[in-house]
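Order of the sequence lines fixes the chain letters, A, B, ..., with proteins taken first and strands second; residue numbering starts at 1 for each chain. Only heavy atoms go into these numbers, but all of them, side chains included; no hydrogens, no water, no symmetry mates.
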Protein chains: 2
Amino acid sequence: MISSTGEYALRAAVYLAQHRDAPQTTAKIAEGTKVPAGYLSKILQQLVRGEIASSLRGAHGGFVLLHDPDAVTVWDVLTAVGAAPERIETCPLGIERHEGLCPVHRLVDDAVAEAQRCFSSATLATLVSSVDGMTALCEVAPALGLPARGGSRR
Amino acid sequence: MISSTGEYALRAAVYLAQHRDAPQTTAKIAEGTKVPAGYLSKILQQLVRGEIASSLRGAHGGFVLLHDPDAVTVWDVLTAVGAAPERIETCPLGIERHEGLCPVHRLVDDAVAEAQRCFSSATLATLVSSVDGMTALCEVAPALGLPARGGSRR
DNA sequence: TTTATACTGGACAACTTTATCCAGTATCTC
DNA sequence: GAGATACTGGATAAAGTTGTCCAGTATAAA
């Protein structure tokens with residue numbers, strides 16, 4: 001559904017949303033998100049270019065989220081790293097003389113549109129807020145001492 | 001959203017659904033779907049193994065759809081070639097001590113589930129049936145739609 | 001100013017996906 | 001049976017994605 005790059009970017013963005021107090025180094029983000037550090041640095045660069053994060057060089061430098069977590073959608077993050085599923089605008093078969101899409105590509109595009117809607121309606125703030133004792137990035141909130149149930153699955 | 005392989009498989013399956021009268025050779029399917037012939041043959045093999053189509057060797061051989069078009073969902077086709085988006089069952093970060101998914105992966109999995117629902121509810125029969133003068137595979141139904149001009153159909 | 005820190009950018013390697021080609025084999029028609 | 005047709009499977013290559021590494025550079029702190 002989304003590429004590794006998209007997953008990684010999302011994890012990194014959520015991590016930054018969880019740690020807004022100070023710049024986070026690539027190494028720390030990599031540790032906290034379990035993303036390969038070398039590759040993560042490339043992704044963080046893309047987030048900077050996409051104006052999701054900003055970077056600070058030098059000692060005590062690192063990356064910080066550029067905007068409020070509730071102003072950044074998941075879609076924004078995926079788009080910044082080119083991992084957002086793309087709408088189908090024109091016929092993939094290269095046939096030009098028609099308006100609209102055939103049923104096949106209409107169906108696929110509908111699925112893409114649904115994904116876009118889903119990803120656009122969730123912000124980093126949404127993801128960071130704990131749900132059922134579960135925090136983002138698959139960490140269990142330790143303070144709540146959750147009674148480990150399987151209830152959150154549909 | 002779906003890989004090239006998935007697109008190709010879907011086009012091929014729709015083509016077979018449109019031509020159930022006789023076995024269709026790889027060459028004919030490739031021409032009708034604009035899929036690279038060499039690669040298409042691999043995909044057709046996967047459709048055979050996945051019991052979407054069956055193959056007939058020798059003269060007048062080719063591929064035929066194994067079941068009724070309304071008994072084959074788009075999801076079935078994508079699954080047969082390993083191109084169906086996969087549900088997230090376990091935590092991608094490898095953290096084991098929790099039930100369910102964190103909000104991040106819950107969100108992504110919801111999008112996957114939506115795509116699955118979308119692709120499962122459409123059958124090849126659905127796609128083949130003409131809509132608004134548009135037939136599957138981005139061809140315009142000649143009788144209904146835009147003024148046909150010679151030569152655009154190869 | 002010096003030093004340590006940490007991002008930047010490029011080169012490169014590993015891996016996966018996509019694509020091509022061909023010899024081999026099964027099947028149909030005559 | 002002979003010949004033509006067309007799938008099968010393997011080898012191989014091209015392209016894209018993911019991942020690593022390192023020298024260069026900017027910045028903060030002492």
Side-chain angles (χ1 to χ4, degrees), chain A residues 1-12 15-16 19 22-66 78 80-86 92-93, chain B residues 1-12 15-16 19 22-66 78 80-86 92-93:
Chain A
M1 167 63 78
I2 65 173
S3 63
S4 298
T5 299
E7 251 270 350
Y8 295 165
L10 198 47
R11 287 190 211 166
Y15 187 91
L16 291 181
H19 301 83
Q24 303 291 312
T25 66
T26 302
K28 284 187 74 172
I29 302 171
E31 184 190 1
T33 59
K34 307 266 192 283
V35 173
Y39 192 49
L40 176 62
S41 83
K42 302 299 184 191
I43 292 172
L44 288 169
Q45 284 179 36
Q46 289 181 278
L47 291 183
V48 170
R49 292 193 202 102
E51 300 185 354
I52 300 296
S54 67
S55 62
L56 294 163
R57 286 185 169 190
H60 302 118
F63 296 87
V64 291
L65 206 61
L66 199 52
L78 296 179
V81 296
E86 285 183 12
L93 281 81
Chain B
M1 168 63 78
I2 64 174
S3 64
S4 298
T5 299
E7 251 271 348
Y8 295 165
L10 198 48
R11 289 191 211 165
Y15 186 91
L16 291 181
H19 301 83
Q24 304 292 312
T25 67
T26 301
K28 285 186 74 172
I29 302 171
E31 184 191 1
T33 59
K34 308 263 191 282
V35 173
Y39 193 48
L40 176 62
S41 82
K42 301 299 184 191
I43 292 173
L44 288 169
Q45 285 180 36
Q46 289 181 279
L47 292 183
V48 170
R49 292 193 202 102
E51 299 184 355
I52 300 294
S54 67
S55 63
L56 294 162
R57 287 185 168 188
H60 302 119
F63 295 87
V64 292
L65 206 61
L66 199 51
L78 295 179
V81 297
E86 285 183 11
L93 282 82

* Starting at CG of B:Leu65, measure out to CD of B:Gln24 and round the result to the nearest 0.5 Å. => 11.0 Å

* Structure fact -> Against the side chain of B:Ala59, the closest entry in C:dC28, C:dT18, D:dT20 is C:dC28

* Asked: Among D:dA29, D:dT8, C:dA19, which nucleotide sits nearest the side chain of B:Arg57?
  -> D:dT8

* **Within-4.5 Å side-chain heavy-atom neighbours: A:Thr26 and A:Phe63** => yes

* To do: In whole angstrom, give the distance that lies between atom CD of A:Glu7 and atom P of D:dT17.
  => 17 Å

* Asked: Once you round to the nearest 0.5 Å, how far does CZ of A:Arg11 lie from CG of A:Leu16?
  -> 14.0 Å

* Atom pair CG/CG of A:Leu78 and A:Leu10 - distance to nearest 0.5 Å -> 6.0 Å

* **Rounded interatomic separation in angstrom, taking CD from A:Glu31 and P from C:dA6** => 14 Å

* Protein-nucleotide distance (B:Lys28, atom NZ; D:dC7, atom P), rounded to Å -> 11 Å

* Asked: Counting only side-chain N and O atoms of B:Thr26, is one of them less than 4.0 Å from OP1 or OP2 of D:dC7?
  -> yes

* Roughly how far, to the nearest 0.5 Å, is CD of A:Glu7 from OG1 of A:Thr33? -> 10.0 Å

* Asked: Hey, which of these two, A:Gly6 or B:Thr25, hits DNA chain D nearer its 5' end, going by closest nucleotide?
  -> B:Thr25

* To do: Using a cut-off of strictly less than 4.0 Å, decide whether B:Ser55 has a side-chain nitrogen or oxygen near OP1 or OP2 of D:dT8.
  => yes

* Within the pair B:Thr5 and C:dT18, is there a side-chain N or O less than 4.0 Å away from OP1 or OP2? -> yes

* Within residues 37-50 of chain A: residues closer than 4.0 Å to DNA chain C (heavy atoms) -> A:Lys42, A:Gln45, A:Arg49

* To do: Rounded off to whole Å, could you give me the OH-to-C1' distance for the B:Tyr8 and C:dT20 pair?
  => 13 Å

* Atom-to-atom span, NE2 of A:His60 to C1' of D:dT27 - whole angstrom -> 12 Å

* Asked: Do the side chains of A:Ile29 and A:Val35 get nearer than 4.5 Å, heavy atoms only?
  -> no

* Structure fact -> To the nearest 0.5 Å, atom NZ of B:Lys34 lies from atom OH of B:Tyr15 at 10.0 Å

